[in-house]
Number of protein chains: 2
Amino acid sequence: MPRPKTIDRTAILQAALDIADTGGVPALSMQAVATRLAVTPMALYRHVANKADLLDGIVELLMAEIMADAPAPDPDGGRDAWLDALIRTAGRARAVASRHPAAFTLLLSRPAATTAAREVRAHIHGLLRQAGVGGEHVERLERIVTTTVLGMAAGQASDRFAHHAPGVLDEDVRALARFVTAGIEPFRSSEERVSPAGVSRAGRRASR
Amino acid sequence: MPRPKTIDRTAILQAALDIADTGGVPALSMQAVATRLAVTPMALYRHVANKADLLDGIVELLMAEIMADAPAPDPDGGRDAWLDALIRTAGRARAVASRHPAAFTLLLSRPAATTAAREVRAHIHGLLRQAGVGGEHVERLERIVTTTVLGMAAGQASDRFAHHAPGVLDEDVRALARFVTAGIEPFRSSEERVSPAGVSRAGRRASR
DNA sequence: ACCTGAACACCGTTCAAGT
DNA sequence: ACCTGAACACCGTTCAAGT
């Protein structure tokens, strides 16, 4: 007679994320997760392969949270639509990082081969293409931009920049937008690819 | 009668780095370090406060390795001296990352309050000032540039970008130089601050 | 099918003891 | 001053057993 299922993978990942949020990554043990779910540690192994798999699952959760409510790229959204979307995506990453500061560092230390991670990449690819970035540079630039944005979000949320006041970090965000916008510039083709009517260069707004 | 000292802090840190290089961060335990030094785990505690202190010591070692042989900023080195120096520093960071791929991820997850870390920051500050970056933006831009350069070096050395061929990564390095150079541009004052004779904008070379 | 209990080989860290 | 031995409370993971 089959037992009723008492836990599942998402419950495990959610509990693990909660533990990391409260006690930091060092507190994140299989036993701690099991205790929080009122279950034996060994019960977890039916739903996650091992601890590495559990950590990858957390990364997946965070990636999905970054993409949550992200509007699909809007080709008719005006000349600078891609820039607005990019800045909003960076803002969501920062929000997720401040909700889960400890777990967020996992994003930069583990390979991003999961579905949600691929979605984030595809999202950025689309925005860069909208900005007129040449096809041979889209993936390359995505790696650079993603690293910068996630790295800054992680640094701000963790202890790495901890000695700074909140106002300093807000100013950092504005500077980051200018930096990324200007950094992309040399990779854009001179004619606008998205809005055929556009004549002036896009991207100036956030850089000043 | 005092015993002869058999180990010291640097020996411990070096052994720890070796272990991380061979077996990854998970293999890095106090017991493994002790065994490699032919000593009891408890002997380590006279030289490092605890495991967190040991990890911070490794970060210190890596930072020092990045700064090793870095020439002092040369104010008379021509208009683009700062850019050459910045690119070479990034190159050294990348070399250290490929020598110590596993340990390198620690650089981005731990606060950088040690001496060597401060030296790296001061080095970058000097280069940015040479580039004509306004004083109110120097520290901010250092955080952004350092995050980008270290993050890319870590990503290339770890599993995060592992699915790419070496040639792709070489091309990434060139794109990174263009990106950073262009990203800094809006923060530079229009008149050159370092070479009074200079008239044309510096930094164009690497961005094209 | 899903969870438990007992067991194994490890962890980081303490304390008192040896030289 | 520096290292050891024994001990404690934890780890991740296995295997066979229960329902």
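Chain identifiers are assigned alphabetically (A, B, ...) following the order of the sequence lines, protein sequences preceding nucleic acid strands; residue numbering begins at 1 within each chain.
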Q. Please give, in whole Å, the distance from C:dG12 P to B:Leu28 CG?
A. 8 Å
**Q.** Identity of whatever pairs with D:dA6 - Watson-Crick or G-U, under 3.5 angstrom
**A.** C:dT14
(Q) Let's see if you can work this out: which of C:dA6, C:dC3, C:dT13 has an atom nearest to the side-chain heavy atoms of A:Ala43? (A) C:dC3
Q: For A:Tyr45 and D:dT13, give me the distance from atom OH to atom C1', rounded to whole Å.
A: 5 Å
Q: Enter the distance from A:Thr147:OG1 to A:Leu108:CG here, rounded to the nearest 0.5 Å.
A: 7.5 Å
Q. Would you say a side-chain N or O of A:Thr40 is under 4.0 Å from OP1 or OP2 of C:dG5?
A. no
**Q.** A:His47 vs C:dC3: side-chain N/O to OP1/OP2 distance below 4.0 Å
**A.** yes
Q: Using whole Å, report how far CE of A:Met42 lies from P of C:dA1.
A: 20 Å
Q) Within this structure, what is the NZ-to-P distance between B:Lys51 and D:dC11, rounded to whole angstrom? A) 14 Å
Q) CG/B:Leu176 to OG1/B:Thr181 distance, rounded to the nearest 0.5 angstrom? A) 8.5 Å
Q | Whole angstrom value for the distance that separates C1' of C:dC3 from CE of A:Met30 | A | 14 Å
Q) Between B:Ala38 and A:Arg46, who's closer to the 5' end of DNA chain D by nearest nucleotide? A) B:Ala38
Q) Rounded to the Å, how far apart are B:Asp53 CG and C:dG12 P? A) 14 Å
Q. Can you tell me if the side-chain N/O atoms of B:Ser29 get under 4.0 Å from OP1 or OP2 in C:dC10?
A. no
Q: For the pair A:Arg9 and A:Asp53, find out whether any cationic side-chain nitrogen is under 4.0 Å from an anionic carboxylate oxygen.
A: yes
Q) Heavy-atom count around B:Asp8 CG within 6.0 Å, excluding the residue itself: above 12? A) yes
**Q.** B:Gln31 vs C:dG12: side-chain N/O to OP1/OP2 distance below 4.0 Å
**A.** yes
Q) Watson-Crick or G-U wobble partner for D:dA1, using a 3.5 Å limit on both distances? A) C:dT19
Q) In whole Å, what is the span from the CG atom of B:Asp8 to the P atom of D:dC2? A) 11 Å
Q | Interatomic spacing from CZ in A:Arg46 to CD1 in A:Ile12 - rounded to 0.5 Å | A | 11.0 Å
Q. Could you state the CG-P distance from B:Asn50 to C:dT14, rounded to the nearest angstrom?
A. 8 Å
Q: Return the nearest nucleotide to the side chain of B:Ile7; candidates are D:dC3, C:dA6, D:dG5.
A: D:dC3
